[in-house]
Amino acid sequence: MSNHEEQKLLHDAEQSERESRTIGSMELNEAVRQGIGKGKQRVTRRRAVYGTGVFTATAAAIIALSASLLPGAGAPNESPAPSAVTAGVPNEQAATEQSEDVPKENIADYANIGMDSTLNHLIQGGYMNSLSEKVEQDGYTLTLRGEAMDDRKMYVAFSLANDTDQPVTFNNTEVDFGADAYTKWISTYMGENGVLPAGADATFFAEIELSGGTDYPQKAVFRTTVTPGEFGNPTGEGSRIEIPFNAHPDTLKTEIRTTEVNGELTVGGQKIEVSTLETSPLGVYVDYAADESNDKQVFELIDPVLKIASEDGSQIADLHFTAEQSKGTLTFEPTGIEDPASIDFTIAGISAADTDRTLLVVDTTTGEIVEGDEAMSVAVDSSGKELTFERKVETSSDDGRYIPMFQLSDTFTDAAGTEHQLISKSGYRDEADGTSVDKLIFELDGQAIQQPAAFRIEKFWEPIWEPAELKIK
Amino acid sequence: MEKTAESTEMKPKARSLSEQEAQFFERVERQQRKLYAIAFSYLRSEADSLEAVQEATCRAWIKRKRLKNPDVFESWLIRIVINCCMDELRRRKRSFPTAEFEEKAGTGEMQSHNRIDLERAFGKMKSKYRHAVMLKYYHGMTSAQIAHVLKKPEGTVKTWLREGLKQLKDFL
């Protein structure tokens, strides 16, 4: 390298160093704090879906399974219909209950309580409606403190005083609006180890998925099971506690903005249609669907990011998605930018595979794979009633990227064409030296199975790194 | 609404979490300026660099228990922030094609042609070479320090530096 080029390099390095020094410590501190908050949120969500080990995973699987079977869990829309809410126009019901009519929670009352930035923004912004219902039962006092809901999700702030001599944990938390209104528990932040110690009290936030386009009534019931013992290792019977309360489904409707996108992303020849973008104080939602003409099955979008800028350019938000709600809806944190001048949606790629790779034909008596993905293996326990599916994935130990676990469809079909239920027991990941083995354990439904049986893999990690961008506004 | 108990709320367990959090925060805070400077050297945007620091902190928080040796915390964080920057640069490749860079340069948004030339050259370089060159020239690290950060033998890093500079010369 010549001196001239090296000079160029050194000059640029000096300029970079000089410019980087202008950043304030407060901004840096805030970035680090927000990063920790995001990390906690992601950990909670992963725990909610997969658990962190065999025991927690079992418990999480039970929670997820139970939540889907309990009353109030109507059939979720596979891809939620775009919201019927028109930007800024309250519907008839909303006109009967304006947000300002409802008492709000005060952020000062939540001092020293761990929460992520979305919750902080919700309470600080005056969007969390106050509740005051309380139930005492079996040595526990459960108090509903507040709720906030748009048409996609809901947060419930609740506190529990544990006046027993055992640590406790929650499971089967749900909000029930009745059989016609879909709800699904997403997460409850419960601290690092998921337990509330004996004699302690604490405030928690349950996140509940709702279905866009559904008219939710005011009458609702909050339920949770308080179980003595560590998470996944109960030492006694759980107490099912329920509290009826009045939700406020309309107070945020005037805050919801819906943008019809009707755009398309193409990655590796696969088309993804982005239909709508909805913003509310609870989050930003992007609805998408893979085009039916695709020759691969699209499992997920990798690293979706929304870049939203205000009119004068003074506010720019880079939103990384926080969760995929129902399949086909990406959820991002709320921005606080009321009338964005530009919205750009980018992805780093997709995870997708040929459809034939999603089929797994297995002899459920021996675990022999008759047809299917070579990265997969199946084991049968000695009782013949339990199947363990394993899949190896290469994961980098350094970049912190979360490689999602594979998922199976909850039914399978035997050789006679009879459909059977696959009952999820647990799932966990063993990681070592950049290689992971994902294990999902299922119980068979006890009915006679004509061999072999066909299982459908709903999702696995098969990245196609090809960035794509869509200008939404 | 009963809120009288809040001053004593979130007792033992939450306290232990917030202690962990405070400790983690403190450790990252000690490195935050360096992390930002590294992110800035890759991204050259205050907002994107802050975002990279935030995302790196998030990933580090999630993976913190897997870090067995606390002595390598700093180099581990640097690796994570570099990965975050590379993710962002991959996104940008699509968002800001070369023509747009040139257009922006014309309006003064990008400071100089030197910068554009270097950006373009870095974009073409193999990532591993780029990391070695950036850490040496932009952050003054020795080959041994770079080897520590990138978890590679020092000899390999020296080769990467040599090859990186060669590529840079070819592309400039």
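Here is how names work: the chains are called A, B, and so on, in the same order as the sequence lines, proteins then strands, and each is numbered from 1.
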Under the 6.0 Å and 45° cation-pi test, does A:Arg33 pair with B:Phe25? yes
Here's one to test your reading of the geometry: is the NZ or CZ of A:Arg145 within 45 degrees of the ring axis of A:Tyr110 and under 6.0 Å from its centre? yes
With a 4.5 angstrom heavy-atom cut-off, is it the side chain or the backbone of A:Arg21 that approaches chain B, or both, or neither? backbone
Looking at A:Lys471, I want to see if its NZ is surrounded by more than 12 non-hydrogen atoms of other residues, nucleotides or ligands under 6.0 Å. yes
What part of B:Glu46 gets within 4.5 angstrom of chain A, counting heavy atoms only: side chain, backbone, both, or neither? side chain
Using non-hydrogen atoms and a 4.5 Å limit, figure out which bit of B:Arg33 sits close to chain A: side chain, backbone, both or neither. both
Quick check on the 6.0 Å ring-centre criterion: do A:Phe245 and A:Phe158 meet it? no
State, without any angle test, whether A:Asp12 and B:Tyr138 hold a side-chain donor-acceptor pair at a distance under 3.5 Å. yes
Of the backbone (N, CA, C, O) and the side chain (C-beta and beyond), which part of A:Leu10 lies under 4.5 Å from a heavy atom of chain B, both, or neither? side chain
At a 4.5 Å cut-off on heavy atoms, which part of B:Val81 comes close to chain A: side chain, backbone, both, or neither? neither
